[in-house]
Asker: 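Encoded as structure tokens, here's the structure I'll be asking about.
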Amino acid sequence: MLHIAIVGSGPAGYYTAEACQKQWGDAETGSEGGVRVDVFDVLPVPYGLIRSGVAPDHQSIKGVSRRYEAVALSQNVRFVGNVAIGRDVSIAELQGLYDAVVLATGAPHDRPLDLPGAELGNVFGSAAFVGWYNGHPQFAALNPDLSGRSAVVIGNGNVALDVARILAKTQAEFAGSDIVGHALNALAGSQLEQVVLLGRRGPHQIAMTPKELGELAHLARACPRVEPGDLPPEGDDMLLEPGQRKSVTHLRSFAAIPEAHRADRDFEVAFDFFAAPRALIAGDDGRVAAVEVERTRLDGARAVGTGEIYRVPADLVVSCIGYQTSPIPGVPFEESAGRFANHEGRILPGLYCVGWARRGPSGTIGTNRPDGFSVVERIAEDCPAGLGKKGRAGFDALAAARGLAVVTFQDWRKIDAAEIGNARDGSPREKFVAVEAMISAAGKA
Ligand code: NAP
């Protein structure tokens, strides 16, 4: 019997569990096979990024959690929620209990916005801001001030697009979403009239996918704006790969929107390309009031400053410049890439990483599936048979000795049912945003 611990119950974690079943278990018949997998999460609720990262108005993407549920309900996979590895239980202890430990901890922290003024009030990283509207307990109390007229979103990736769209939507456009009540109420009182998306490079260098970018053209009150002069000659689009070409085609259509069409819109999502933020400027109240920007030009694919400086009004700033993995004491970490130091998923003997924790925050949710299968191949090469470790029985004894309030998958199903029961009309659920409320809904003390 092989005992495997997976730390993190997001896409990378569950795809790895699925790969373990395929490798050693018997997923077809549901029999237990030769593997036991424990999937740990610091929260009492599973699915990581699917619950806390994917935009609340992208419910079809969240549907992938049904696949993870099927894995979680099989006999040889167990969810072990509300346990913080590195705090409640150390990595060394897990390694003593399991034949292989796989870190699937994602990249939950923002790359730091290394600019003067980054500490000003109403400046947030995307992990915090996205966590706020998605009800992550760590960020539920963020309370961003939406009483100003102008927001600046730094970055030209899909997260920047998510944040801009959420700020631009009307209440009616959140129908069917699972945006949490506190965010919906705050957005109802928002006075924002524009979001400026700062891209330090140009339209050809955006990291936005076409489907997501195209959504901006179909918002109820908001209209996208692209300055035609920022677009490269149309013929150059042929040099792009097809997906990127489609995205740029959207930008071209935004640039062609007639002014008359904008007249009946009261919200603008404006793309400011070749615009590198240099500093955040405080207003009289000590909060952010503007972003100082340097105009750039491309030198090859690199942005270089031109020396032209200007200011963009900003009552709210959300920095969406990418994420990084949290280091764990004793686990080699590659600072520059913001991920665990690894070779093809191997960190140290018996210790592996997968997903964003392995390769950094890139790709789609589906990219994690081959990643999970690949790390399981490495484990199978290194450890073809169990080493006689105690596995879950050993963990249960340790958890009992420490008085850990472990949340099981059956407990999560109670939380799930309570959230579904609490949903406002038309919404799939109203999430609990406090760990205590989740544990209480699970019927635990
Ligand atoms: P990302 O795709 O890496 O984009 C980061 C953006 O920030 C880039 O435009 C980058 O510009 C810019 N940037 C980085 N450092 C900067 C700085 N110091 N100053 C100004 N701009 C800076 O990251 P992300 O948007 O966080 O997305 C992470 C991953 O999740 C991506 O794979 C994304 O596709 C995925 N995702 C997918 C969806 C979806 O499919 N619906 C939704 C959300 C996220 P440069 O290019 O110049 O470096």
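Numbering of ligands and ligand atoms starts at 1, following listing order. The first residue of the sequence shown is numbered 1, and numbering continues consecutively from there.
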Asker: Looking at Arg424, Gln59, Arg429, which one forms a side chain to side chain donor-acceptor pair (under 3.5 Å) with Asp178?
Answerer: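 One option only clears the test, and that one is Gln59.
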Asker: Which is it for Gln21 and Ser74 under the side chain to side chain donor-acceptor pair (under 3.5 Å) test, yes or no, and what are the steps along the way?
Answerer: CA-CA 9 Å; Gln21 285 183 319; Ser74 58; 2.3 Å; yes
Asker: Which word best sums up how the rings of Trp132 and Phe129 line up, parallel for under 30°, tilted for 30 to 60°, or perpendicular for over 60°?
Answerer: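 Rings of Trp132 and Phe129: tilted, 30 to 60°.
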Asker: Apply the salt bridge (charged side-chain N to carboxylate O under 4.0 Å, His left out) test between Arg165 and each candidate in Glu215, Glu212, Glu173; give the one that qualifies.
Answerer: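 Among Glu215, Glu212, Glu173, the one meeting salt bridge (charged side-chain N to carboxylate O under 4.0 Å, His left out) with Arg165 is Glu215.
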Asker: Please list, in number order, the atoms of ligand 1 under 4.0 Å from a heavy atom of Pro361.
Answerer: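 Atoms satisfying the 4.0 Å criterion: 28 (C), 29 (C).
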Asker: Have a look at His58, Arg200, Arg302 and point out the one with the heavy atom closest to atom 10 (C) of ligand 1.
Answerer: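 When every heavy atom of His58, Arg200, Arg302 is considered, Arg200 comes closest to atom 10 (C) of ligand 1.
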Asker: Can you pull out the closest protein heavy atom to atom 40 (O) of ligand 1? Residue, atom name and distance to 0.1 Å, please.
Answerer: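 Looking at atom 40 (O) of ligand 1, the protein heavy atom closest to it is Glu212 OE2, 3.7 Å.
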Asker: Any atoms of ligand 1 less than 4.0 Å from a non-hydrogen atom of Trp356? List them with their elements.
Answerer: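 Counting from 1, the qualifying ligand atoms are 29 (C), 30 (O).
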Asker: Check whether the side chains of Gln191 and Ser147 place a donor and an acceptor atom closer than 3.5 Å, and report yes or no.
Answerer: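 Checked: Gln191/Ser147 side chains show no N/O donor-acceptor pair below 3.5 Å.
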Asker: Geometry only, no angles: is Pro277 polar-contacting ligand 1 at N/O separations under 3.5 Å?
Answerer: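 No, since none of the N or O atoms of Pro277 sits under 3.5 Å from an N or O of ligand 1.
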Asker: Just which atoms of ligand 1 are under 4.0 Å from any heavy atom in Cys320?
Answerer: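 So the atoms of ligand 1 that pass are 5 (C), 6 (C), 7 (O).
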Asker: Counting from 1, what ligand 1 atoms have a heavy atom of Ser362 closer than 4.0 Å?
Answerer: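 Every atom of ligand 1 under 4.0 Å from some heavy atom of Ser362: 32 (O).
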Asker: Show which atoms of ligand 1 fall inside a sub-4.0 Å distance from at least one heavy-atom site of Asp162.
Answerer: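 With Asp162 as reference, the close atoms of ligand 1 come out as 42 (C), 43 (C).
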Asker: Write out the residue and atom name of the closest protein heavy atom to atom 35 (C) of ligand 1, then the distance separating them to 0.1 Å.
Answerer: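 Result for atom 35 (C) of ligand 1: Gly363 O, 3.9 Å.
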Asker: Please find the pair of heavy atoms, one from Gln324 and one from Pro112, that lie closest to each other, and give the distance.
Answerer: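 Looks like NE2-CD, 3.9 Å.
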Asker: Can you report which non-hydrogen protein atom sits closest to atom 8 (C) of ligand 1, along with the distance?
Answerer: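 Of the protein heavy atoms, Asn156 N, 3.9 Å lies nearest.
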Asker: Once the angle between the rings of Tyr68 and Tyr47 is folded into 0 to 90°, is it parallel (under 30°), tilted (30 to 60°) or perpendicular (over 60°)?
Answerer: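 Tilted, since the angle between the ring planes falls between 30° and 60°.
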Asker: Could you identify the single nearest non-hydrogen protein atom to atom 4 (O) of ligand 1 and state the distance to 0.1 Å?
Answerer: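 Protein heavy atom at minimum distance: Gly157 CA, 3.6 Å.
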Asker: What part of Ala55 sits under 4.0 Å from ligand 1 if we count only heavy atoms: the side chain, the backbone, both or neither?
Answerer: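 No part of Ala55 is near ligand 1 at this cut-off.
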Asker: Show the numbers, then the answer: is there a side chain to side chain donor-acceptor pair (under 3.5 Å) between Asp110 and Ser126?
Answerer: CA-CA 7 Å; Asp110 291 298; Ser126 53; 3.0 Å; yes
Asker: Tell me: protein heavy atom nearest atom 25 (O) of ligand 1, and distance?
Answerer: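 Nearest protein contact, heavy atoms only, for atom 25 (O) of ligand 1 is Val159 N, 3.1 Å.
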Asker: Show me which atoms of ligand 1 lie under 4.0 Å from any heavy atom of Arg201.
Answerer: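 Matching atoms, with element in brackets: 45 (P), 46 (O), 47 (O).
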Asker: Closest non-hydrogen protein atom to atom 34 (O) of ligand 1, residue and atom name please, with distance?
Answerer: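 Nearest neighbour among protein heavy atoms for atom 34 (O) of ligand 1, to 0.1 Å: Asn158 ND2, 2.9 Å.
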Asker: Who's the nearest protein heavy-atom neighbour of atom 23 (O) of ligand 1, and how far?
Answerer: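 For this ligand atom, the closest protein heavy atom is Gly322 CA, 4.0 Å.
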Asker: Could you check atom 12 (C) of ligand 1 against the protein and tell me its nearest heavy-atom contact, residue, atom and distance included?
Answerer: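 Here the closest protein heavy atom is Gly155 CA, 4.0 Å.
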Asker: In terms of relative ring orientation, are Phe139 and His136 parallel, tilted or perpendicular, with 30° and 60° separating the classes?
Answerer: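 Ring orientation, 0 to 90° scale: tilted.
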Asker: Strictly distance-based, threshold 3.5 Å: is any side-chain N or O of Glu430 a donor or acceptor partner for the main-chain N or O of Gly181?
Answerer: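 Present.
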Asker: Using the side chain to side chain contact (heavy atoms under 4.5 Å, CB included) rule, pick out the option among Ile347, Val354, Val375 that qualifies with Leu103.
Answerer: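 That would be Ile347; it is the only one of Ile347, Val354, Val375 passing the side chain to side chain contact (heavy atoms under 4.5 Å, CB included) with Leu103.
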Asker: What do you think, any protein heavy atom under 4.0 angstrom from atom 46 (O) of ligand 1?
Answerer: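 Looking at atom 46 (O) of ligand 1, one finds that a protein heavy atom does lie closer than 4.0 Å.
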Asker: How far apart are the closest heavy atoms of Arg245 and Leu240, and which atoms are they?
Answerer: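 Closest approach of Arg245 to Leu240, heavy atoms only: NH2-O, 3.0 Å.
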Asker: What atoms in ligand 1 come closer than 4.0 Å to a heavy atom of Ile154?
Answerer: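 So the atoms of ligand 1 that pass are 20 (C).
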Asker: If the cut-off is 4.0 Å to any non-hydrogen atom of Ala207, which atoms of ligand 1 fall inside it?
Answerer: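 Every atom of ligand 1 under 4.0 Å from some heavy atom of Ala207: 2 (O).
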